[in-house]
Amino acid sequence: MGDFAFSFGLAIAIDGFKLALIDFAGQLIDDYAESAFPLSLERVLANAGEQIEVMLHKHQIARLAVFGVGLSMTGPFTGHGSRVNPPLSMPSEWATEELDKFFSGRLALPVWMDNDANCATIAEAQFGIGRKSNNFVYLHFTDGLGSGVVQEGRLVRGAYGNSGELGRLFAIAGLPRVSLETLRHALRSTGLDLPNLRSMLDSYDPSWPEIDSWLESVAPSLTIAVAAIIALADPEFIIFGARLPRDLADRLIARVEFEKLPRRSTPAPNPVLLPSETNVNSVVIGAASIAFKRHFFL
């Protein structure tokens with residue numbers, strides 16, 4: 001059914017990258033992951049390019065059958081072409097190029113780019129809550145907190161592609177940042193050896209006592225973020241996902257507070273808060289879907 005066209009997804013994170021090959025039906029054909037911190041642009045270009053050729057040969061797919069590459073990048077768009085401003089933990093070279101054009105030139109394939117939260121939201125729309133709701137917001141927990149907004153079945157990107165950049169709320173309001181990176185720093189302060197985000201997630205232990213104190217500190221920030229989402233997007237569901245462990249998603253959801261003093265004792269409807277049911281490959285699968293989505297669906 002889906003074997004007449006294929007697409008690659010390339011998802012860039014602060015501590016590595018993932019590559020996935022899907023068919024037109026959205027089925028995963030093959031994938032590859034590589035860890036590196038810090039992550040250099042040249043390393044991704046060389047190794048991703050090599051793996052693309054390996055997958056095409058392995059599955060006997062003609063290069064002409066590849067529609068292109070969907071590139072997921074972490075960080076907000078700057079408003080200058082497709083340049084992004086990545087986290088400070090990434091080399092500055094990631095901020096100097098229009099990455100879609102740069103990768104397209106080096107990989108000799110068309111490249112479409114979006115941020116990681118929007119890519120994960122595309123996957124959630126295809127394989128998760130989007131199967132029963134056309135109005136939801138996907139919270140993307142990684143080294144920061146972003147989100148993707150779906151209204152009436154369409155991804156809302158905004159004027160500059162930065163719709164859903166919730167991290168700005170915390171900086172302006174002077175509130176603690178809600179992110180897995182702030183949790184990692186809290187855990188490291190107690191002596192745990194967690195040199196990067198991947199090491200924390202690989203060894204995640206729900207019984208770490210520091211988790212409760214972190215939850216207590218970020219609960220007001222998360223409540224403000226959810227309130228802002230409700231006020232601006234009025235979603236049916238808010239999904240807690242990305243690299244967030246299921247245990248942590250459940251515990252964060254339990255900390256969110258809704259309006260306590262409704263007008264005339266009649267509360268406004270609130271969204272349902274749920275952990276994501278899509279798998280850990282959601283960002284790269286969503287990235288691989290960009291080419292098809294931009295041209296045929298969304």
Worksheet entry | side-chain contact (heavy atoms from CB on, under 4.5 Å) evaluation trace for I229 with L139 | CA-CA 10 Å; I229 290 170; L139 294 182; 3.6 Å; yes
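- A distance-only check finds no donor-acceptor pair linking the side chain of N162 to the backbone of E165 [under 3.5 Å].
- Residues G161 and N118 approach most closely at O-ND2, 4.0 Å, considering heavy atoms.
- Looking at R188 and D193, no side-chain N of the basic residue comes within less than 4.0 Å of a carboxylate O on the acidic one, giving no salt bridge.
- For the side chain to side chain contact (heavy atoms under 4.5 Å, CB included) with S147, the lone residue among I239, T121, L166 that qualifies is L166.
- Follow the hydrophobic side-chain contacts under 4.5 Å out from Y138 and you never reach V178; the two are in separate clusters.
- Atom CG of residue L244 and atom CG of residue L201 lie 9.0 Å apart, to the nearest 0.5 angstrom.
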Worksheet entry | Intermediate values then yes/no, side-chain contact (heavy atoms from CB on, under 4.5 Å), N134 and V150 | CA-CA 7 Å; N134 286 328; V150 173; 5.7 Å; no
Worksheet item: Under the side chain to side chain donor-acceptor pair (under 3.5 Å) criterion, do S282 and E124 qualify, and how do the steps go?
Response: CA-CA 7 Å; S282 60; E124 187 69 36; over 6 Å; no
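- Contact annotation: the side chain of I238 never approaches that of V272 to less than 4.5 Å [non-hydrogen atoms, C-beta and beyond].
- In plain terms, the two heavy atoms of D23 and Q27 that are nearest each other are OD1-N, 2.9 Å.
- No side-chain donor-acceptor contact under 3.5 Å links S276 to the backbone of F240.
- Between the CD1 atom in I129 and the OG1 atom in T278 there is a gap of 10.5 Å [rounded to 0.5 Å].
- Across every non-hydrogen atom of L28 and D30, the tightest pair is CD1-O, 3.3 Å.
- Using a 4.5 Å heavy-atom threshold, the side chains of D114 and L155 count as touching.
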Item to complete: Let me see the working for E93 and S40 under side chain to side chain donor-acceptor pair (under 3.5 Å), right down to the final yes or no.
Response: CA-CA 8 Å; E93 61 187 357; S40 74; 4.7 Å; no
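- With S179 contributing its side chain and G144 its backbone, the two residues share no donor-acceptor pair below 3.5 Å.
- A donor-acceptor contact closer than 3.5 angstrom links the side chains of S207 and D205.
- With R246 contributing its side chain and P275 its backbone, the two residues share no donor-acceptor pair below 3.5 Å.
- Atom-to-atom distance recorded for M55:CE and Q60:CD is 16.0 Å, nearest 0.5 angstrom.
- At least one donor-acceptor pair closer than 3.5 Å links the side chain of E98 to the backbone N or O of S82.
- Going from atom OG of S7 over to atom CD1 of I285 covers 10.0 Å, rounded to the nearest 0.5 Å.
- Note on L180: it does not cluster hydrophobically with F17, by side-chain heavy-atom contacts below 4.5 Å among ILVMFWY residues.
- Under a 3.5 Å cut-off, the side chain of Q151 and the backbone N or O of A233 do form a donor-acceptor pair.
- In this structure, E216 places its CD atom where only 12 or fewer heavy-atom neighbours from other residues, nucleotides or ligands lie under 6.0 Å away.
- Formation of a donor-acceptor pair under 3.5 Å by the S72 side chain with backbone atoms of C119 is not found in this model.
- Counting heavy atoms from C-beta outward, L21 and I61 have side chains that approach closer than 4.5 Å.
- Annotation for A20 and A288: closest pair O-CB, 4.4 Å, computed over non-hydrogen atoms.
- Across A242 and H140, no two heavy atoms sit closer than the pair CB-CD2, 3.2 Å.
- A single hydrophobic cluster is seen to contain both L71 and L56, as judged by linkage of ILVMFWY side chains at heavy-atom distances under 4.5 Å, directly or through other members.
- Between Y204 and W208, the angle of the ring planes goes over 60°, which puts this pair in the perpendicular group of the 30/60° scheme.
- Distance alone, capped at 3.5 Å, places no donor-acceptor pair between the N281 side chain and the V284 backbone.
- Side chain of R106 to main chain of L45: no donor-acceptor pair is present (N/O by atom type, distance under 3.5 Å, no hydrogens or angles).
- For Y160, the OH atom is loosely surrounded, since the number of other residues' heavy atoms within 6.0 Å does not exceed 12.
- The aromatic rings of F292 and F67 sit tilted relative to each other, their planes meeting at an angle between 30° and 60°.
- Taking E97 as the reference, L41, L99, F102 meet the side-chain contact (heavy atoms from CB on, under 4.5 Å) condition, with sequence neighbours excluded.
- Distance alone, capped at 3.5 Å, places no donor-acceptor pair between the R255 side chain and the L222 backbone.
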Discussion item. Using the rule given for side-chain contact (heavy atoms from CB on, under 4.5 Å), can you reason through V44 versus E34, listing the C-alpha separation, both sets of side-chain angles and the distance that settles it, and then say yes or no?
Written reply: CA-CA 9 Å; V44 176; E34 186 170 318; over 6 Å; no
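- With rounding to the nearest 0.5 angstrom, the CG atom of L197 is 9.5 Å from the CG atom of D202.
- Screening residues 260-276 for salt bridge (charged side-chain N to carboxylate O under 4.0 Å, His left out) gives E257-K260 as the qualifying pairs, with residues at least two apart or on separate chains.
- Taking every heavy atom of both residues into account, P176 and S217 meet most closely at CG-O, 3.5 Å.
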Item to complete: Go through the steps for N85 and W94 under the test side-chain contact (heavy atoms from CB on, under 4.5 Å), then give the verdict.
Response: CA-CA 8 Å; N85 190 4; W94 289 98; over 6 Å; no
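- Note: L194 CG to S199 OG = 5.0 Å, rounded to the nearest 0.5 Å.
- For residues 10-22, every residue pair satisfying the salt bridge (charged side-chain N to carboxylate O under 4.0 Å, His left out) rule, not counting sequence neighbours, is listed here: D15-R198, D15-R243.
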